[in-house]
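Single-structure report; data block below.
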Amino acid sequence: MRESRFWSLMEGEFGAGYAPVLAGELVISEYQLTAQQALRAGVEPRRVWEALCRQQDVPEERLLGADVPLKRD
């Protein structure tokens, strides 16, 4: 995942106004860093997104974005 996709997902899930605040203030317990710090430290954006989603209880069906359904095998 590119960082631009990370930000697109953040804005889609949390809103354009709240996404940067959340990314800059919420410490992701898995990394003991905020999302912005984790990205700057080189953590892959998908891993940051998934950790943030787990911590914020984002439903599984919205992990790929609000309008992209999960493929179930």
Side-chain angles (χ1 to χ4, degrees):
M1 170 188 294
R2 295 177 187 258
E3 193 169 327
S4 60
R5 178 66 177 144
F6 168 84
W7 288 110
S8 176
L9 289 168
M10 285 288 290
E11 288 181 10
E13 183 62 36
F14 301 108
Y18 186 54
V21 173
L22 188 67
E25 300 293 326
L26 176 73
V27 174
I28 300 171
S29 57
E30 217 168 294
Y31 297 111
Q32 292 302 303
L33 299 168
T34 66
Q36 288 178 349
Q37 291 169 331
L39 292 169
R40 281 196 302 268
V43 180
E44 202 270 312
R46 176 172 304 285
R47 298 207 186 287
V48 176
W49 170 247
E50 290 171 348
L52 193 141
C53 286
R54 281 190 294 276
Q55 188 160 323
Q56 292 300 105
D57 296 321
V58 173
E60 184 178 314
E61 61 269 10
R62 292 203 314 253
L63 291 181
L64 301 176
D67 60 348
V68 180
L70 279 176
K71 293 182 181 176
R72 304 231 184 234
D73 294 323

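One-based numbering along the sequence shown. The structure presented is a predicted model; accordingly, all values stated were derived computationally and were not measured. Any value given below was found using the heavy atoms of this structure, including those in side chains, with hydrogens, waters and symmetry copies removed.
Between Leu9 atom CG and Leu64 atom CG the span is 7.5 Å, to the nearest 0.5 Å. Taking CG of Leu39 as the reference point, atom CZ of Arg47 lies at 13.0 Å (rounded to 0.5 Å). To the nearest 0.5 angstrom, Ser8 atom OG is 9.0 Å from Met1 atom CE.
Sequence neighbours left out, the pairs with a member in residues 20-30 that pass side chain to side chain donor-acceptor pair (under 3.5 Å) are Ser29-Gln55, Glu30-Arg54.
In this structure, Arg46 and Phe6 have side chains that are not in contact, with every pair of non-hydrogen atoms separated by 4.5 Å or more.
Contacts of Arg2 classified as side-chain contact (heavy atoms from CB on, under 4.5 Å), with partners at least two apart in sequence or in another chain: Ser4. For Ala38, the side-chain contact (heavy atoms from CB on, under 4.5 Å) partners two or more places apart in sequence, or in a different chain, are Leu33, Val43, Val48. Residues meeting the side-chain hydrogen bond (donor to acceptor under 3.5 Å, both in side chains) test with Trp49, sequence neighbours left out: none. With sequence neighbours left out, Tyr18 forms a side-chain contact (heavy atoms from CB on, under 4.5 Å) with Phe14, Val21, Leu22. Partners of Gln37 according to the side-chain hydrogen bond (donor to acceptor under 3.5 Å, both in side chains) rule, which considers only residues two or more places apart in sequence or in another chain, are Thr34.
Here the shortest heavy-atom pairing between Trp7 and Ala23 reads CH2-CB, 3.4 Å.
The main-chain N or O of Val58 is never found under 3.5 Å from a side-chain atom of Gln56 such that the two would form a donor-acceptor pair. The backbone N or O of Gly65 lies less than 3.5 Å from no partner atom in the side chain of Glu13, so there is not a single donor-acceptor pair.
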